[in-house]
Amino acid sequence: MITYDSDADAAYIYLEHPVTSGASERIVPFDPREGMFNLDVDRDAHVLGLEILGAQRHLPSALMEAIHSQGQAETEHTR
């Protein structure tokens, strides 16, 4: 599952879903030069998800379009 926050321009790719509150023990930046990619890791060193800040700049446009379409479809479906 992928979510996107347009106000923060941040995408989150869940590797475990759902990620419960407090499950992430630490955040591991893996591109420290940019500081734009963070792994959420639990206490057993399992990666829970990937946060991408500046998603519009870092993700391919086709993926961003798919994320937006998915969000619109979910919104329309719940009405």
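- Side-chain contact between Gln56 and Met64: present, with at least one pair of heavy atoms (C-beta onward) separated by less than 4.5 Å.
- The closest side-chain heavy-atom distance from Leu39 to Phe30 is below 4.5 Å.
- In this structure, Asp42 contributes its side chain and Asp44 its backbone to a donor-acceptor pair below 3.5 Å.
- Side-chain contact between Tyr12 and Met1 is absent, with no heavy-atom pair separated by less than 4.5 Å.
- The structure places CD1 of Ile27 at 15.5 Å from CZ of Phe37, a figure rounded to the nearest 0.5 Å.
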*side chain to side chain contact (heavy atoms under 4.5 Å, CB included) between Glu51 and Met36: does it pass, once the steps are laid out?*
CA-CA 8 Å; Glu51 178 184 40; Met36 294 288 154; over 6 Å; no

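- Considering only residues two or more places apart in sequence or on other chains, Asp7 meets the side-chain contact (heavy atoms from CB on, under 4.5 Å) condition with Asp5.
- Considering only heavy atoms from C-beta on, Thr3 comes within 4.5 Å of Tyr14 through its side chain.
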*Stepwise side chain to side chain contact (heavy atoms under 4.5 Å, CB included) test for Val19 and Asp40*: CA-CA 10 Å; Val19 174; Asp40 285 336; 5.8 Å; no

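- Taking 4.5 Å as the limit, every side-chain heavy atom of Arg43 sits out of range of all side-chain heavy atoms of Arg26.
- Within the 4.5 Å cutoff, side-chain heavy atoms of Ile2 are placed close to those of Leu63.
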*In sequence, state the C-alpha distance, the side-chain angles, and the governing distance for Asn38 and Leu53, and then conclude on side chain to side chain contact (heavy atoms under 4.5 Å, CB included).*
CA-CA 8 Å; Asn38 298 306; Leu53 303 174; 4.0 Å; yes

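- For the side-chain contact (heavy atoms from CB on, under 4.5 Å) test with Tyr4, the passing option among Ile67, Leu59, Ile52 is Ile67; the others fail.
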